[in-house]
Structure formats: C-alpha cells, structure tokens
**Student:** 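Would you mind keeping the following structure in view while I ask a few things?
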Amino acid sequence: MSTSDQPGGALTVSFTIKNQGDQAADSFSTHVVLSADDAVDTDDTLLGELAGLPDGTSLASGGSLSHDISVTVPDTTATGSYYVGVIAD
C-alpha cells in the first residue's frame with residue numbers, strides 16, 4: 001500500500017492477519033511500518049504496534065483477525081513516496 005500523506009499526518013491502516021500454522025497462536029505482535037521501498041521489513045520506521053488479540057485470547061489455527069490502527073507519520077519524514085506495511089510475528 002502506498003500513501004502520499006504528509007509528515008506529521010495521521011492515517012488509518014486496515015489489515016487482516018491469518019494464522020496459517022497448525023496450532024493456535026498464543027503470542028504474537030503486529031508492527032505497522034513506513035518503508036521507502038517495497039521491501040517492507042523490521043528495519044523500517046515503526047509507526048505502531050499491537051500485541052496479540054485485543055481480548056487477550058489466542059488466534060486459532062486457520063483463524064483470522066481484521067483490525068484498523070491509527071498511526072502518525074513522523075514529523076521528521078522527508079517528503080516523498082512511501083509504503084506502509086504490516087508485519088506479524
């Protein structure tokens with residue numbers, strides 16, 4: 001996903017996570033990052049994060065979670081084109 005929001009601007013990121021494993025995921029984190037290229041990874045700028053499910057339960061095997069998170073583009077971000085990515089681990 002790309003965005004043209006300005007530094008300091010807020011945006012809402014909508015995403016769905018699916019547990020493709022054969023066991024429930026009791027503990028996981030979701031990181032929303034801002035990347036200067038399409039290779040989104042943990043070295044990119046962290047915009048926001050979530051720890052597990054909102055109600056503290058596990059994510060069943062084959063289960064999915066849809067979520068919206070509001071984040072702010074850092075004021076120090078140079079003007080340009082960026083990608084917003086979501087990393088679940």
Side-chain angles (χ1 to χ4, degrees):
M1 165 174 26
S2 62
T3 181
S4 59
D5 287 286
Q6 298 296 316
L11 60 131
T12 299
V13 179
S14 301
F15 60 91
T16 300
I17 296 170
K18 181 174 182 181
N19 180 357
Q20 296 178 325
D22 58 4
Q23 296 180 11
D26 294 327
S27 176
F28 63 93
S29 297
T30 307
H31 309 275
V32 179
V33 297
L34 184 69
S35 180
D37 56 46
D38 62 357
V40 174
D41 59 35
T42 56
D43 290 330
D44 293 322
T45 302
L46 181 66
L47 297 178
E49 60 187 323
L50 299 170
L53 292 173
D55 62 3
T57 61
S58 61
L59 184 58
S61 175
S64 62
L65 162 71
S66 294
H67 196 75
D68 299 326
I69 184 172
S70 296
V71 297
T72 301
V73 177
D75 291 334
T76 56
T77 304
T79 301
S81 295
Y82 292 88
Y83 293 85
V84 175
V86 178
I87 302 168
D89 61 2

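Along the sequence shown, the residues carry numbers beginning at 1. Keep in mind it's a predicted model, so treat the numbers as computed, not measured.
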**Student:** Which atoms form the tightest heavy-atom contact between Phe15 and Ile69, and what is the distance?
**Tutor:** CE2-CG2, 3.9 Å
**Student:** Please give me the minimum heavy-atom distance between Val32 and Val84, naming the atom from each residue.
**Tutor:** CG1-CG1, 3.9 Å
**Student:** Any chance you could measure Leu50, atom CG, to His31, atom NE2, to the nearest 0.5 Å?
**Tutor:** 9.5 Å
**Student:** Between Thr16 and Ser66, which heavy-atom pair has the shortest distance, and what is it?
**Tutor:** OG1-OG, 2.9 Å
**Student:** To the nearest 0.5 angstrom, please state how far the OG1 atom of Thr77 sits from the CG atom of Leu47.
**Tutor:** 7.5 Å
**Student:** Can you tell me if Asn19 uses its side chain to pair, donor with acceptor, with the backbone of Leu59 under 3.5 Å?
**Tutor:** yes
**Student:** Search all heavy atoms of Pro7 against all heavy atoms of Asp75 and return the closest pair with its distance.
**Tutor:** CB-O, 3.7 Å
**Student:** Does Ala88 offer a backbone N or O that forms a donor-acceptor pair with the side chain of Thr30 under 3.5 Å?
**Tutor:** no
**Student:** Looking only at non-hydrogen atoms, find the nearest pair between Ala24 and Ser58 and report the distance.
**Tutor:** CB-OG, 3.8 Å
**Student:** Output the distance between atom CD1 (Ile87) and atom CG (Leu46), rounded to the nearest 0.5 Å.
**Tutor:** 9.0 Å
**Student:** Nearest 0.5 angstrom please: Ser29 OG to Asp89 CG, how far?
**Tutor:** 5.5 Å
**Student:** So, for Asp41 and Asp44, which heavy atoms are closest and what is the spacing to 0.1 Å?
**Tutor:** N-OD2, 2.8 Å
